[in-house]
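Below: one structure, written as structure tokens.
Heads up: numbering here begins at 1 and tracks the sequence.
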Amino acid sequence: MQQNPTLLSKLMSGSIVLQIVIGMLAGIAVASFSPDTAKSLTFLGSLFVKGLKAVAPVLVFVLVASAIASKKQGVQTNMRPVLTLYLLGTFLAAVTGVLASFAFPITLKLVAAAGSTTPPSGIGQVLNNLVFQIVDNPINAIATGNYIGILTWAVALGMALHHASDSTKTLLNELADGVSRIVGVIIRFAPVGVFGLVAESVASTGLSALLGYSQLLLVLVGAMLFIALVVNPLIVALTLRRNPFPLVFTCLRESGITAFFTRSSAANIPVNMNLCRKLGLNEDTYSVSIPLGATINMAGAAITISVLSLAAVHTLGIAVDLPTALLLSVVSTIAACGASGVAGGSLLLIPMACSLFGIGSDVAMQVVAVGFIIGVVQDSAETALNSSTDVLFTAAACMAAGDMADRAPQLASNEI
């Protein structure tokens, strides 16, 4: 006799996207009618994001180590084309940000500097920090969410165990499957987490709090939409030689929406891993490219750095020539690759870009403060673009090379 499904089972098996939208609307409603109640629900969002951030480093470590250790001889991955797409997309995003800033010049009413936060002093310091992240202690890297260090140790361990016994490789695979199941349970609580995050944000800042920086937000979000809906589809179309929009919209819907609310590329890694699995991509490729993309594929960050830096330039009346604008695009690309995969990670790299124009750190940090003010929308849109593009470019490279799993799920054939 078949039992009727319980409410909990319906929630656990229903459309996660629809549930997230419902959670968002419920959060806005609660914050609008009772801000005090909404603020008391902050722990729901914090608990969800903390859960993702807690499991993501472990997941990345075991998946990458397992994938490399279990890689069969003669089986090729497509990391080189994925990396090419990552860097090309980030550079074109930086150029788009520069062009948007010249087309719609913005001047700011600068506010107080952002406390005692210390940004990198230049590209050399960013590269120096990356080198020290590579040689970080593996336990400390996992505990602090240092994904460069995690990737380094996972690759090293995977290579060291590549010639291990089959039983050792099986243990690694089963460990990766077990952690993935834990992630799946956490992801099903995304609607509750989104409810808490939205309720707290609206209650704290209000829907009208962003109106003072509406032009800046329009340029930032407009540039990000242009990348997501024009530039990225063009890149994918040239790569796949077919209509890119089914894949583009799948990535935006399945990855971009959750990233918009978690505001962390690192926290969204489990979501992207699951989407790659649903798309039927080769795990040997995406288990490395997705966590790597959360670290270096930062199109949204490149736009943020370019636009806010040029906003400071326009505010101070500094003339900018074409070579300097191109140099800013390169610097923004490098800086974006060094941005951390956490909420607001790109803002502290703005002073580095401002230094190209001789703008001191006191003024630059005031621009950073503006970034934190508009971060409710800016950082959410930036993370949605960053994270969804990780899957998009990984999928494009895999599909172009036929680098798919042996048994691609139904989603891969129906939607793409």
Side-chain angles (χ1 to χ4, degrees), residues 89-114 119-120 122-123 205 208-232 234 298-336 339 344-386:
T90 302
F91 176 73
L92 292 179
V95 172
T96 299
V98 170
L99 294 177
S101 295
F102 281 114
F104 307 98
I106 299 166
T107 57
L108 301 174
K109 182 179 179 181
L110 297 180
V111 296
I123 295 178
T205 64
S208 61
L210 303 176
L211 292 180
Y213 298 102
S214 57
Q215 183 183 3
L216 177 59
L217 275 173
L218 286 174
V219 173
L220 282 168
V221 176
M224 292 176 191
L225 287 173
F226 182 79
I227 292 295
L229 300 177
V230 178
V231 176
N232 283 352
L234 180 61
M298 296 285 180
I303 291 173
T304 297
I305 294 169
S306 298
V307 171
L308 284 175
S309 299
L310 286 177
V313 169
H314 294 315
T315 300
L316 298 177
I318 300 174
V320 181
D321 55 15
L322 180 60
T324 306
L326 291 176
L327 179 59
L328 174 62
S329 300
V330 175
V331 169
S332 297
T333 302
I334 297 173
S346 62
L347 294 177
L348 291 182
L349 294 166
I350 291 171
M352 185 183 70
C354 287
S355 66
L356 287 175
F357 307 99
I359 299 175
S361 60
D362 53 343
V363 174
M365 287 305 296
Q366 293 182 46
V367 179
V368 173
V370 173
F372 281 112
I373 292 173
I374 64 174
V376 175
V377 173
Q378 169 269 326
D379 195 45
S380 296
E382 174 186 316
T383 308
L385 175 60
N386 291 342

I need the minimum non-hydrogen distance between Ala299 and Gly89, along with the two atoms involved.
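In terms of heavy atoms, the two residues are closest at CB-O, 4.2 Å.
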Between [atom1] of [X] and [atom2] of [Y], what distance do you get to the nearest 0.5 Å?
X: Leu229; Y: Leu234; atom1: CG; atom2: CG; result: 12.5 Å
X: Ile303; Y: Gln378; atom1: CD1; atom2: CD; result: 10.5 Å
X: Ile106; Y: Leu308; atom1: CD1; atom2: CG; result: 8.0 Å

Which pairs count as side chain to side chain donor-acceptor pair (under 3.5 Å) when at least one residue sits in residues 222-232, sequence neighbours excluded?
Asn232-Thr389
side-chain hydrogen bond (donor to acceptor under 3.5 Å, both in side chains) partners for Ser309, two or more places apart
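side-chain hydrogen bond (donor to acceptor under 3.5 Å, both in side chains) check on Ser309 returns nothing, list empty.
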Could you go through residues 216-225 and list every donor-acceptor pair under 3.5 Å that involves a side-chain atom there, pairing it with any protein atom two or more places apart or in another chain?
none

Distance-only criterion, 3.5 Å: show the donor-acceptor pairs between side-chain atoms of residues 91-103 and protein atoms not counting sequence neighbours.
| residue | atom | partner | partner atom | Å |
| --- | --- | --- | --- | --- |
| Thr96 | OG1 | Leu92 | O | 2.8 |
| Ser101 | OG | Gly97 | O | 2.9 |

